Novice: 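There's a structure below that I have some questions on.
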2 protein chains.
Amino acid sequence: MTQKQLCEIDLLTVVITLGPLAPHILTVNQGQELPSGPLTISHRSLQKGLHQWAERHTGCAIGHMEQLYTFTDHTQKASQRQLIRISYLALARVLDPALHDAHSLYDYFPWEDRRSSHNASLLERFRHEITLWARSNSERMGRVASAFGLHDLPWDDEKVLDRYELLWEAGLVSRASSDTVTATTLYDNRRILATALSRLRAKIRYTPIVFDLLPEAFTLLQLQQAMENLSGRPMHKPNFRRLVLHQNLVEETGARDATAPGRPAKLYRFRPSAATSCYLSGAMLPLS
Amino acid sequence: MTQKQLCEIDLLTVVITLGPLAPHILTVNQGQELPSGPLTISHRSLQKGLHQWAERHTGCAIGHMEQLYTFTDHTQKASQRQLIRISYLALARVLDPALHDAHSLYDYFPWEDRRSSHNASLLERFRHEITLWARSNSERMGRVASAFGLHDLPWDDEKVLDRYELLWEAGLVSRASSDTVTATTLYDNRRILATALSRLRAKIRYTPIVFDLLPEAFTLLQLQQAMENLSGRPMHKPNFRRLVLHQNLVEETGARDATAPGRPAKLYRFRPSAATSCYLSGAMLPLS
DNA sequence: TCTTTTATGCTCACTATGAGTATAAAAGAA
DNA sequence: TTCTTTTATACTCATAGTGAGCATAAAAGA
């Protein structure tokens, strides 16, 4: 059609790994910055190139990887040359997040972890304040009700991005930085993180990617806690076991886990033959 | 990091609308070409700009729009300047596809329409031939079994892209063009179409976007046929009605549809108050 | 031996699903 | 008129999955 404008391309990836209590992201330069590189990592496929590049820069073996979202960075206004950022989601199996430059995702979005009562009260406050903010505007009120599960609507794990954007619009999360440019960058980065968490929560429901975050052999409790960490809510133990075992997703290794107190748990491994589809959803029950 | 390479950006959109028997895409230049424009449609947000642009160029009101995928076009090898294509999915409510430059999606992917016995036999042939092709390679065989629902695995509507890519790799869909460049472009375009159909089939399950394709008032049969056209499989009528009505997704308009033969059906309209989440899946039963 | 701690197994009510069948309301043909 | 065709709408029934609770088993340490 008309003449094409030239752009700069930035590839970046959210590398997620599993801590004991929460999913973590691997960052570079002591936090705040996501691993990102220029387009030149072209391996014919952008993704494969970025995959190798990210493994080298984080020092972790990266399993699953997928494209997240592409957006324009509207921080640099006057510049003629637009910046396009293509973001990816990557999963790494890591032994100890403390050894890496890793940060808990729930440090960025405490309200997304609905397991502690402390966060529950934080969320209650947000619910209250954002309702005040949206009160006069019915379109806003609809979005708020849907995102925060207000009236009799259910809470949807996956609406991480909607919630973050609403809280930002309402000024309830730190716009602290007086510098607009810095604030917008912060906003953009968290948007990516929110998108990543959203996508991850959606995907663990109907694909077996959780296993890319777990060690080879794991107990059913570890698997359950992985799901709880990712979804941010507690699950009903007996039902979770039933669900997993009923689907022939895993098989016993024969060994047991002797490290924990109490009766030692059987160790299981993922059965990739069943890899085609799984269904870890369902058993999402708040602890009574 | 290192110096950034400059790229050309192409924005393109798959505009989907509903024909009587199948979903259609709106094309420009008498088929084969998707509406696409240069990046300059920057409205601060890529999407909003493209939205308006697509409405002007197709002459249809576009409802829902979302980003699909970003990929590099590997047709132009020698060129230093890489081309990045950002694709979008758009839904248009159109009265008569015949009036527009529209093409049935199932012209491109006949095997995705599992309602006619003719296509069923085509699929059987493909199943046979692609099994021969994958026979010796266990990794291939796994992908094939999962994509085509081989042994006792279920057929998954949403694996449109996987199926297309496998058929292409196996040489079962037209690589006809002797010119490699043309063939690759064709391949890339169909890949986008497959991605679009994939995404659409996934989304109609848990969001109410079908209603963006239907007229204001519709009968339950029209709604069912819309779902059937999109998913490519027949549904059980009584169960479909039960599902829809049970969820309070729609409300009666009071009018009836007198145009069709037989007992006139009640007309319904979408209840956006229930817009937050729906659940049109489930009732996906092959006609016995 | 008793207590603590975790693993593992079982029950039960209820809802959603897959499938089939029956009745109701219109239009047109004999 | 009555009968047939066509579609809409309603109802039944068995079964599987879900949400929730309780009970037992196996280890370690007091």
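These numbers come from a predicted model, not from an experiment. Letters go in sequence order (proteins before strands), and every chain restarts at 1.
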Novice: Would A:Glu66 and A:Arg199 count as a salt bridge (Lys or Arg N to Asp or Glu O under 4.0 Å) if you check the C-alpha gap in whole Å, the side-chain angles of each, and the deciding distance to 0.1 Å?
Specialist: CA-CA 10 Å; A:Glu66 69 182 60; A:Arg199 180 78 125 262; 2.7 Å; yes
Novice: So does B:Asn229 get a backbone contact from the side chain of B:Tyr106, meaning a donor-acceptor N/O pair under 3.5 Å?
Specialist: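 Side chain of B:Tyr106 to backbone of B:Asn229: a pair is present.
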Novice: Round to the nearest Å and state the distance from B:Phe240 atom CZ to C:dT17 atom P.
Specialist: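 Taking atom P of C:dT17 as the reference, CZ of B:Phe240 is at 13 Å.
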Novice: A:Ala260 or B:Ala260: which one's nearest nucleotide on DNA chain C is closer to the 5' end?
Specialist: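 Its nucleotide being nearer the 5' end, the pick is A:Ala260.
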Novice: Measure the distance from CD on B:Glu252 to P on D:dA8 and round it to the nearest whole Å.
Specialist: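 The distance from CD of B:Glu252 to P of D:dA8 comes to 15 Å, rounded to the nearest Å.
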Novice: Give the dot-bracket line for DNA chain D from 5' end to 3' end: parentheses for intra-strand Watson-Crick or G-U pairs under 3.5 Å, square brackets for crossings, | for inter-strand pairing, dots for unpaired.
Specialist: ||||||||||||||||||||||||||||||
Novice: Could you go over nucleotides 10-17 of chain D and give all protein N or O partners under 3.5 Å, atom names and distances?
Specialist:
none

Novice: Looking for any heavy atom pair under 4.0 Å, which part of the strands does B:Leu220 touch: base, sugar-phosphate only, or nothing?
Specialist: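 Counting heavy atoms under 4.0 Å across all strands, no contact is made by B:Leu220.
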Novice: Calculate the interatomic distance between B:Arg256 atom CZ and D:dA8 atom C1'; express it in whole Å.
Specialist: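 It works out to 8 Å between those atoms.
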Novice: For the side chain of B:His236, starting at C-beta, report the closest nucleotide among D:dA8, C:dG20, C:dT8.
Specialist: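 Shortest atom-to-atom distance from the side chain points to C:dG20.
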Novice: Please report the closest heavy-atom contact between A:Leu214 and A:Ala226, naming both atoms and the distance.
Specialist: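 Looking at all heavy atoms of both residues, the closest pair is CD2-CB, 3.9 Å.
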Novice: Would you indicate whether the side-chain heavy atoms of B:Leu245 and B:Val250 approach each other to under 4.5 Å?
Specialist: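 Counting from C-beta outward, B:Val250 and B:Leu245 do come under 4.5 Å.
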Novice: To the nearest Å, give me how far apart CD (B:Gln225) and P (D:dT7) are.
Specialist: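 After rounding, the gap between these two atoms is 10 Å.
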Novice: Just N and O in the side chain of A:Lys237: are any of them under 4.0 Å from OP1 or OP2 of C:dA7?
Specialist: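 Indeed, a polar side-chain atom of A:Lys237 lies that close.
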Novice: Name the closest nucleotide to the A:Ala265 side chain, picking from C:dT6, C:dA7, C:dA26.
Specialist: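 So the nucleotide nearest the side chain must be C:dA7.
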Novice: Honestly, is B:Arg163 close enough over B:Trp111, meaning NZ or CZ under 6.0 Å from the six-membered ring centre and within 45° of the axis?
Specialist: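 That pair does not qualify as a cation-pi contact.
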Novice: Let me know the distance between CG of A:Asp257 and P of C:dT8, rounded to the nearest Å.
Specialist: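 It works out to 10 Å between those atoms.
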Novice: Students often mix this up, so state it plainly: with edges at 30° and 60°, are the rings of A:Phe211 and A:Phe270 parallel, tilted or perpendicular?
Specialist: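 Taking A:Phe270 first and then A:Phe211, their aromatic rings lie parallel (interplane angle under 30°).
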Novice: Where is the tightest heavy-atom contact between B:Leu230 and B:Pro23, given as atom of each residue plus distance?
Specialist: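 Scanning both residues completely, I find the closest heavy atoms to be CD2-CB, 3.9 Å.
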Novice: Treating B:Ser104 as the side-chain partner and B:His24 as the backbone partner, does any N or O pair qualify as donor plus acceptor under 3.5 Å?
Specialist: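 Pair absent, no side-chain N/O of B:Ser104 close to backbone of B:His24.
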Novice: Can you check the A:Tyr268 OH to C:dA7 P distance for me, whole Å?
Specialist: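 Roughly 11 Å, once rounded to whole Å.
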Novice: Please report, rounded to the nearest Å, how far the P atom of D:dT9 is from the CZ atom of B:Arg263.
Specialist: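 Roughly 6 Å, once rounded to whole Å.
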Novice: With a 3.5 Å distance limit and no angle check, can you tell me whether A:Arg114 reaches the backbone of A:Asn119 through a side-chain donor-acceptor pair?
Specialist: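 No.
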Novice: Within this structure, what is the CG-to-P distance between B:Leu221 and D:dT9, rounded to whole angstrom?
Specialist: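 So the CG-P distance, B:Leu221 to D:dT9, works out to 10 Å.
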